[in-house]
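Comments concern the structure below.
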Amino acid sequence: MTGERSRAGTRNALAVLIAVTAGLTWAFLAAITPPLAIGCDPAIPREICEDTADAGLRRGMPNLRPLIVRADVAPGPAWPDGAGHKATVVYSMLPGPAVTERIYYDAGSHWGVEADRGNVELAIWSLVPTVLAGMVAAVVPAVRRRRPQARAGG
């Protein structure tokens, strides 16, 4: 009986390790993957729209972030000429909330980005798949062990 428990414990630990590794792989791939789709306002030419979505990623998004499913680009009040708010990009993420970035050009000829979510919040969201995968891998064996006992008793 002890040998069976030892093997079961080893299998459970291996399952958790595999699940956590899969979750970390997801987080890594999400951090390096560009948006899966880009939506452009009709007023913005496609090439400028794509460059704007990329600029928002490079200037306002942390390296550790959830997978960006879609980036929607809309012109700001200063589009196309003038200093100030040039564009707004909304990044839809999986998992996690949407992140809205205001991209602006100031009077000193500097580009900047203001995001409505912080780097720490996005980093936490990016690790959610890792935590969930580990929890599922840890809980499933316990549920499977209980099931035969419930059948035998009933």
Side-chain angles (χ1 to χ4, degrees), residues 1-41 44-76 85-105 110-154:
M1 191 64 116
T2 304
E4 287 178 32
R5 285 186 183 182
S6 176
R7 282 191 297 270
T10 301
R11 282 193 309 268
N12 293 348
L14 183 60
V16 170
L17 179 65
I18 290 169
V20 169
T21 301
L24 290 173
T25 300
W26 169 273
F28 171 76
L29 292 175
I32 64 171
T33 302
L36 300 179
I38 297 176
C40 299
D41 186 278
I44 303 175
R46 183 72 186 175
E47 185 177 328
I48 292 173
C49 176
E50 291 171 354
D51 288 345
T52 302
D54 182 59
L57 279 177
R58 286 184 285 111
R59 298 178 187 271
M61 200 64 71
N63 289 333
L64 188 57
R65 58 175 167 72
L67 178 67
I68 298 174
V69 178
R70 184 172 175 86
D72 288 301
V73 181
H85 179 191
K86 291 289 217 176
T88 299
V89 184
V90 178
Y91 297 98
S92 301
M93 301 191 168
L94 180 69
V99 175
T100 302
E101 290 185 344
R102 291 181 35 180
I103 300 175
Y104 61 90
Y105 187 66
H110 299 100
W111 284 100
V113 175
E114 294 176 0
D116 68 344
R117 306 269 180 199
N119 292 353
V120 173
E121 179 183 359
L122 293 178
I124 290 170
W125 274 107
S126 72
L127 296 175
V128 165
T130 304
V131 173
L132 289 176
M135 289 173 55
V136 167
V139 169
V140 166
V143 171
R144 289 176 59 192
R145 278 195 306 270
R146 285 182 149 186
R147 208 176 263 169
Q149 291 172 354
R151 286 183 196 154

Atom pair [atom1]/[atom2] of [X] and [Y] - distance to nearest 0.5 Å:
| X | Y | atom1 | atom2 | value |
| --- | --- | --- | --- | --- |
| D72 | T100 | CG | OG1 | 10.0 Å |
| L64 | L127 | CG | CG | 5.5 Å |
| T33 | F28 | OG1 | CZ | 9.0 Å |
| D41 | T52 | CG | OG1 | 11.0 Å |
| M93 | I68 | CE | CD1 | 4.0 Å |
| T25 | I18 | OG1 | CD1 | 11.5 Å |

Closest approach of [X] to [Y] (non-hydrogen atoms, all atoms of both residues):
| X | Y | answer |
| --- | --- | --- |
| R70 | G39 | NH2-CA, 3.3 Å |
| E114 | Y104 | CG-CE2, 3.7 Å |
| V89 | A71 | CG1-CB, 4.2 Å |
| G134 | V20 | CA-CG2, 3.9 Å |
| L122 | P66 | O-CD, 3.5 Å |
| W26 | L94 | CZ2-O, 3.8 Å |

Compare all side-chain heavy atoms of [X] with those of [Y] and state whether any distance is below 4.5 angstrom.
| X | Y | result |
| --- | --- | --- |
| V99 | R65 | no |
| V73 | I48 | no |
| I38 | C49 | yes |
| P35 | L57 | yes |

key: Residue pairs, two or more places apart or on separate chains, that pass side chain to side chain donor-acceptor pair (under 3.5 Å) and touch residues 119-136   =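 Applying side chain to side chain donor-acceptor pair (under 3.5 Å) to every pair that reaches into residues 119-136, excluding sequence neighbours, yields R117-E121.
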ask   = Is a side-chain N or O of Y91 found less than 3.5 angstrom from the main chain of E101, in a donor-acceptor match?
value =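 Judged by distance alone, no pair lies under 3.5 Å.
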